[in-house]
Q: 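Before we start, here is the structure in question, set down as structure tokens.
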Number of protein chains: 2
Amino acid sequence: MEKQTAEEYLELAELFKLFGDGTRIRILSALRSGEKCVCDIADELDMNKSAISHQLKSLKMANMVKSRRDGQNIYYSLSDAHVQSIINIGLEHIREGKEER
Amino acid sequence: MEKQTAEEYLELAELFKLFGDGTRIRILSALRSGEKCVCDIADELDMNKSAISHQLKSLKMANMVKSRRDGQNIYYSLSDAHVQSIINIGLEHIREGKEER
DNA sequence: TGAATTGTTGAACAACTGTTCAACTGTTCA
DNA sequence: TGAACAGTTGAACAGTTGTTCAACAATTCA
């Protein structure tokens with residue numbers, strides 16, 4: 001385990017902050033089954049496009065999703081496997097927590 | 001990959017929210033080298049005991065840390081390996097992001 | 001006992017954050 | 001061209017959150 005700098009801790013917190021919101025984590029989970037346009041995600045989460053777009057912007061700035069335009073639609077997808085890994089371990093933690101009770 | 005419920009997403013978000021704060025992630029990182037009392041952590045992070053105690057309470061409620069009293073001191077430690085795993089993968093994500101630039 | 005130390009608690013304040021709304025850009029197609 | 005659709009943006013508002021402060025509880029030890 002390497003030594004972490006104070007700067008790296010702050011970056012870590014910024015990364016996890018993005019996972020720590022119900023809307024954003026549902027967006028990320030929706031994208032686990034493949035790329036989707038803003039419209040699709042908005043329908044799936046029953047929210048307006050503006051709210052989704054704002055959150056996608058945050059996720060994109062953190063390199064958590066990527067996008068490509070195809071005509072009128074802009075398709076978003078997960079940008080790397082770490083996003084899936086973090087979600088999976090989080091789920092493990094929650095499920096083990098329940099077993100212990 | 002199992003199907004997740006809406007309830008489980010909210011729990012996930014609550015879990016990650018705790019990682020998404022500079023103070024809390026520094027506390028968790030401080031505990032990676034072994035158990036420490038509130039006083040030690042407060043010194044290490046240069047913050048007062050009250051602020052640390054408030055955050056430790058949140059972390060404990062989420063089963064992320066556990067505690068034991070020894071005389072006047074209450075020693076906190078990480079409660080399971082998932083906490084370490086999540087931090088490690090987060091660091092990987094950040095470091096790979098930098099390589100790509 | 002009582003002073004000193006460690007830690008917890010709840011209220012209050014300031015700072016931050018997510019959603020909404022309205023206005024806007026970009027693309028398609030008739 | 002211009003109407004229709006998809007998406008983005010910035011301002012504003014309400015709700016949430018982290019820290020501080022003062023008061024309190026628990027333990028030790030002289």
Side-chain angles (χ1 to χ4, degrees), chain A residues 6 9-31 34-79, chain B residues 6 9-31 34-79:
Chain A
Y9 288 134
L10 291 179
E11 277 186 75
L12 252 193
E14 288 306 308
L15 172 67
F16 287 125
K17 203 171 287 183
L18 292 172
F19 285 98
D21 172 75
T23 298
R24 283 191 298 267
I25 205 143
R26 284 190 299 155
I27 291 175
L28 293 172
S29 295
L31 295 179
E35 67 173 11
K36 287 178 181 162
C37 65
V38 179
C39 233
D40 290 340
I41 300 171
D43 282 350
E44 196 170 326
L45 304 201
D46 194 29
M47 293 178 67
N48 66 54
K49 288 180 294 180
S50 177
I52 301 297
S53 181
H54 276 296
Q55 301 299 359
L56 282 169
K57 188 180 184 183
S58 302
L59 294 171
K60 193 174 182 187
M61 279 171 51
N63 282 315
M64 290 164 72
V65 300
K66 58 189 176 193
S67 64
R68 68 178 182 88
R69 181 181 275 276
D70 180 17
Q72 286 173 309
N73 303 299
I74 297 179
Y75 289 94
Y76 283 85
S77 54
L78 300 183
S79 65
Chain B
Y9 288 134
L10 292 178
E11 277 186 75
L12 252 194
E14 288 306 309
L15 172 66
F16 287 125
K17 202 170 288 182
L18 292 172
F19 285 97
D21 172 76
T23 298
R24 283 190 298 266
I25 205 142
R26 283 190 299 155
I27 290 174
L28 294 171
S29 296
L31 294 179
E35 67 173 12
K36 286 177 182 163
C37 65
V38 179
C39 230
D40 289 341
I41 300 171
D43 281 351
E44 195 170 327
L45 305 200
D46 195 28
M47 293 178 66
N48 66 55
K49 288 179 294 179
S50 177
I52 301 297
S53 180
H54 276 297
Q55 301 299 359
L56 282 169
K57 188 181 183 182
S58 303
L59 294 171
K60 192 174 181 185
M61 279 170 52
N63 282 316
M64 291 165 71
V65 300
K66 58 190 176 189
S67 64
R68 68 175 183 88
R69 180 181 276 278
D70 180 19
Q72 285 172 307
N73 302 298
I74 297 179
Y75 288 94
Y76 283 84
S77 54
L78 301 182
S79 65

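Only this structure's heavy atoms are used, side chains among them; waters, hydrogens and symmetry mates stay out. In this text the structure is predicted, and so the values were computed from the model without any measurement. To find a chain, count down the sequence lines: A is the first, B the second, and so on, and within it residues start at 1.
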Q: What's the closest nucleotide to the A:Gln72 side chain, out of D:dA4, D:dT8, D:dG18?
A: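 Nearest to the side-chain atoms of A:Gln72, counting from C-beta on, is D:dA4.
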Q: What integer distance in Å separates B:Ile74:CD1 from D:dT27:P?
A: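 These atoms are roughly 9 Å apart.
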Q: For the side chain of B:Ser50 and the base of C:dT8, is some donor closer than 3.5 Å to an acceptor across the two?
A: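 Flag unset: no donor-acceptor pair detected.
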Q: From CZ of A:Arg26 over to P of C:dT19, roughly how many Å is that when rounded to an integer?
A: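 So the two atoms are 9 Å apart, to the nearest Å.
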Q: Can you find a side chain N or O atom of B:Tyr76 that sits less than 4.0 Å from OP1 or OP2 on C:dT6?
A: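 For C:dT6, OP1/OP2 do not have a side-chain N/O of B:Tyr76 under 4.0 Å.
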Q: Taking atom P of D:dT8 as reference, at what distance in whole Å does atom CG of A:Leu56 sit?
A: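 Whole-Å distance recorded here is 7 Å.
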Q: Which of parallel (below 30°), tilted (30 to 60°) and perpendicular (above 60°) describes A:Phe19 and B:Phe16?
A: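 Tilted.
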Q: Does OP1 or OP2 of C:dT17 have a side-chain N or O of A:Gln55 closer than 4.0 Å?
A: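 For C:dT17, OP1/OP2 do not have a side-chain N/O of A:Gln55 under 4.0 Å.
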Q: Given C:dT27, C:dT17, C:dG7, which nucleotide is nearest the side-chain atoms of A:Arg69?
A: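 Out of C:dT27, C:dT17, C:dG7, the nucleotide with an atom closest to A:Arg69's side chain is C:dT27.
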Q: Which one, C:dG7, D:dT19, C:dG18, comes nearest to the side chain of B:Ala51?
A: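 Minimum distance to the B:Ala51 side chain belongs to D:dT19.
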Q: Report yes if a side-chain nitrogen or oxygen of A:Ser53 is closer than 4.0 Å to either non-bridging phosphate oxygen (OP1 or OP2) of D:dT9; otherwise report no.
A: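 No, A:Ser53 has no side-chain N/O under 4.0 Å of OP1/OP2 on D:dT9.
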Q: To the nearest angstrom, how far is B:Leu10 atom CG from C:dG18 atom C1'?
A: 15 Å
Q: Taking CG from A:Asp21 and C1' from D:dT16, how many angstroms apart are they, rounded to a whole number?
A: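 Rounded to whole Å, this separation is 11 Å.
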Q: With a 3.5 Å limit on both atom pairs, tell me what C:dT28 is paired to, counting Watson-Crick and G-U wobble, or say none.
A: D:dA3
Q: Kindly compute the distance separating CD1 (B:Ile52) from CG (B:Asp40), expressed to the nearest 0.5 Å.
A: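 That separation rounds to 11.0 Å.
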Q: Rounded to the nearest 0.5 Å, what separates atom CD in B:Gln55 from atom CG in B:Leu45?
A: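 Rounded to the nearest 0.5 Å, the CD-CG separation comes out at 10.5 Å.
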Q: To the nearest angstrom, how far is A:Arg68 atom CZ from D:dA6 atom P?
A: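 For the pair A:Arg68 CZ and D:dA6 P, the rounded distance is 16 Å.
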Q: State, to 0.1 Å, how close A:Ile74 and A:Arg69 come at their nearest heavy-atom pair, and which atoms those are.
A: CD1-NH2, 3.6 Å
Q: Can you check the A:Lys49 NZ to C:dT25 C1' distance for me, whole Å?
A: 13 Å
Q: Quickly work out the B:Asn48 CG to D:dA23 P distance and round it to whole Å.
A: 16 Å
Q: Which value, rounded to the nearest 0.5 Å, describes the distance between A:Leu28 atom CG and A:Thr23 atom OG1?
A: 11.0 Å
Q: Counting side-chain heavy atoms from CB outward, which of D:dG7, C:dT6, C:dT19 is closest to A:Asn73?
A: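 The answer is D:dG7.
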Q: Given C:dG18, is OP1 or OP2 found less than 4.0 Å from the side-chain N or O atoms of A:Arg24?
A: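 Yes, A:Arg24 has a side-chain N/O under 4.0 Å of OP1/OP2 on C:dG18.
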Q: Can you check whether any acceptor in the base of C:dT20 is under 3.5 Å from a donor in the side chain of A:His54, or vice versa?
A: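 Answer yes: a donor N or O sits under 3.5 Å from an acceptor.
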Q: Taking pairing as Watson-Crick or G-U wobble with both contacts under 3.5 Å, can you name the mate of C:dA12, or confirm there isn't one?
A: D:dT19
Q: Measure from the side-chain heavy atoms of A:Lys57 and tell me the nearest of D:dT9, D:dG18, D:dG7.
A: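 For A:Lys57, the side-chain atoms sit closest to D:dT9.
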Q: Using a heavy-atom cut-off of 4.0 Å across all strands, would you classify B:Lys17 as base, sugar-phosphate, or nothing?
A: sugar-phosphate
Q: Heavy atoms only: give me the nearest B:Lys36-B:Ala30 pair and the separation to one decimal.
A: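 Shortest heavy-atom separation between B:Lys36 and B:Ala30 comes out as NZ-O, 2.9 Å.
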